[in-house]
There are 2 protein chains.
Amino acid sequence: MTKLKDIAARLGLSPATVSRALNGFPEVNEQTRQRVQAVARAMNYRPNQIAQKLVSGRSGMIGMILRSPVDVATDPSFFEVMAGLSSRLADYDMDLVFHASNAEDEVAPYRRLVAKATLDGFILNAPTVEDQRIQFLTAAGVPFVVHGRAGLGVPDYPFFDIDNAALARQSVALLHDLGHRRIAFLNGPANYAYAAQRLSGFQSALAARGLVTPTRFIRHDRLAEDYGQRAAATMLTDTAAPTAFLCASTLIAAGVLRAARKAGLSVPGDLSVIAHDDAIPQFRAVNFEPALTVTRAPIRDACGPLTDKMVRLLDGAQSSDLQTMVTADLIVRQSTGPVPVGQQGGWNETSVVAD
Amino acid sequence: MTKLKDIAARLGLSPATVSRALNGFPEVNEQTRQRVQAVARAMNYRPNQIAQKLVSGRSGMIGMILRSPVDVATDPSFFEVMAGLSSRLADYDMDLVFHASNAEDEVAPYRRLVAKATLDGFILNAPTVEDQRIQFLTAAGVPFVVHGRAGLGVPDYPFFDIDNAALARQSVALLHDLGHRRIAFLNGPANYAYAAQRLSGFQSALAARGLVTPTRFIRHDRLAEDYGQRAAATMLTDTAAPTAFLCASTLIAAGVLRAARKAGLSVPGDLSVIAHDDAIPQFRAVNFEPALTVTRAPIRDACGPLTDKMVRLLDGAQSSDLQTMVTADLIVRQSTGPVPVGQQGGWNETSVVAD
DNA sequence: TTGTAGGCGTTATCAT
DNA sequence: ATGATAACGCCTACAA
């Protein structure tokens, strides 16, 4: 490994000057800089990151912790995000350190790693409504950026999130405009913040239109095809069955479509289906039969912003300047249509009580 | 952050003594050691890993690179292994650094990271028959351990692998003993070493029994349910259809079972199915209908050995002492049974030629 | 048994 | 514009 000293010796300079030349300090003679750069390239010089880290106090390592088996089953996007983050971080010569924990206590691994003090910060995924990790890291004063956000409002830490409430409202608006009055909601697990946010948006959009959805038509579960199929199959046997399904993911929608098929219902003729689409390559909503109407917000779009926020946070930026919320696109395809004739009636408060 | 110097000052000792006391050097006074440890704990001392790394020349970081999108689609076990490795490495206070690459050139990310010289070594997954990464790292003299192995023989680098050839032989033996003479093989992608190894074992086991399987009944493709279903559906329409399927994964077997169901065939009455099972929690072969006969080798069992090998390799152990091959367990369940009467005939050379 | 001093490779401060 | 020197925190000869 060639080091600064080697280059310096070769050129009859001091290591300090070589360092300055390589790091673009303005005071070095332009000609000197050229020579230094040439030799550095020739000798295939790479700065020793460990040494840089020792002096800078930074490790250049960002941690991401998988809550297994929770995340594996619940968050198929986790690795897509990890992959994107690692690429982006590489642009800053930073590394993504991966840890997995199957501990009961989801904070435990953070506690351990914070104690080691070897990471510059953390990126958190899939926050829950009252996320313990966020509380711990905040208290510990450790930099972190959240993909998503806990609670319903704007928190006081850096985050990148989609507007989950708005997304549910958009979906309800579309279905309502098509005449649907009985809209079921197959949401994600209730403990996740995004699910709470979507539920909030769903409820408020219904309320704004004088609609109501009985609790038996609002479910919370993992984003899986099974869940969609079973829940829909059950609901479709109801005497006042939903005419439309809002699904938390395309996987769930796939299950609903299957249930509809088995029940002999055509989509969108008898039933409308809309889902939120994270645009994960494996499940392409366009290729569904029929092509799925979705609110779309590619999860990989979060990687760049999350990385930038982390870098700026480490550079001392204010949390309040590192908060982004984007809105999902509404993409109308073939799985949504006008409410079937004779099904224009809504659920009423009574049916809620009767529930 | 409290450092050695702080502890030393507090005790009126030198940093050197404190370091020795903490690192278990035999020469320090036991009483001194006690005091040092007590104070260290009291002050919540953690050694600065960066500093340790600078002096030791080791970074304590092991790299693992995802070939996306290849691995995501092709190797569902990748993340299970990553999770296991990170836990094991943590026992050695080492970290797993994750990178993703969608580059054409699978060696490119290794080239980049090797140049940065910030990782101690790499763990490679899913080697291909002539793996470029292995060739590069070998030439570069960078430590690495392979989960699997390239080629058919015993290579000259550290690895942990299951005996893929034996596994295929075991399966053929079981089926043959049950009277099956027409065994189809739904293998993994041909470029992967494990697929080549299993094919080799499959062929040799057939040959040893005077059997032959026409090439149209040997397929190579990704470990997906679709593949299993389509391939089986096609093969089952053949005038001399297979009476048994050997599948490279339980996912493929799931597809075969579905195809059998659609074709009105009962398993194991009309058709036997055996698969190799990596024992990934998501797909539990026991829960199949019928419960699946498998060769079983939990992929997570590789994590401990891979980590140990890496650590020992970095400590200077010989490659030849770091090679492990384990055999899979044969677990006979409900998906295999005697060949149906009237189907005891095998394929012959003629049908191969006719193929 | 403990202390001193030098070094790991880089950056930053202060001279020159 | 460049050089010497110290510092980052730890480890390890070597000295005492």
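Treat the numbers as computed from the prediction; the structure is a model and nothing was measured. Below, chains carry the letters A, B, ... as their sequence lines are ordered, and counting in each starts from 1.
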Which atom pairs, one a donor and one an acceptor, fall under 3.5 Å between side chains of residues 90-99 of chain B and the rest of the protein, sequence neighbours left out?
unit_1	atom_1	unit_2	atom_2	d
B:Tyr92	OH	B:Asp308	OD1	2.9
B:Asp93	OD1	A:Lys116	NZ	3.2
B:Asp95	OD1	A:His99	NE2	2.9
B:His99	NE2	A:Asp95	OD1	2.9

Name the atoms and distances for all side-chain donor-acceptor pairs under 3.5 Å in residues 313-320 of chain B, with sequence neighbours left out.
unit_1	atom_1	unit_2	atom_2	d
B:Asp315	OD1	B:Arg58	NH2	2.6

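The ring-ring contact (aromatic ring centres under 6.0 Å, His included) pairs that include a residue from residues 119-149 of chain A are A:Tyr110-A:Phe122, A:Phe144-A:Tyr157, where partners are two or more places apart or lie in different chains. Sequence neighbours left out, not one pair with a member in residues 6-17 of chain A passes salt bridge (charged side-chain N to carboxylate O under 4.0 Å, His left out).
A search for salt bridge (charged side-chain N to carboxylate O under 4.0 Å, His left out) contacts involving A:Arg33 returns A:Glu30, not counting sequence neighbours. Evaluation of the salt bridge (charged side-chain N to carboxylate O under 4.0 Å, His left out) rule for B:Arg46 yields no partner, not counting sequence neighbours. Residues passing the side chain to side chain contact (heavy atoms under 4.5 Å, CB included) test with A:Lys309, sequence neighbours excluded: A:Val145, A:Phe160, A:Pro305, A:Leu322, A:Thr324. Remark: B:Glu130 engages no residue in a salt bridge (charged side-chain N to carboxylate O under 4.0 Å, His left out) (not counting sequence neighbours).
No side-chain heavy atom of A:Lys53 sits under 4.5 Å from any side-chain heavy atom of B:Lys53. Inter-residue side-chain proximity for B:Gln52 and A:Ile50 is flagged as unmet; no heavy-atom pair is nearer than 4.5 Å.
Protein chain A contacts DNA chain C over a range whose 5' and 3' limits, counting nucleotides with an atom under 4.0 angstrom from a non-hydrogen atom, are C:dG9 to C:dT13.
Within 6.0 Å of the CD atom in A:Gln31, the count of heavy atoms belonging to other residues, nucleotides or ligands does not exceed 12.
For the atom pair CD (B:Gln323) and CG (B:Asp156), the distance works out to 7.5 Å, reported to the nearest 0.5 Å.
For DNA chain C, the neighbouring residues in residues 32-44 of chain B, judged by any heavy atom under 4.0 Å, are B:Thr32.
Over its full length, the helix from C:dT1-D:dA16 to C:dT16-D:dA1 turns its helical axis through 50°, comparing axes from the five pairs at each end and rounding to 10°.
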Spell out protein contact along nucleotides 5-16 of chain D as letters: B when the base is contacted, S when just the sugar-phosphate is, - when no protein heavy atom is under 4.0 Å; keep the 5' to 3' order. ---BBSSBB---
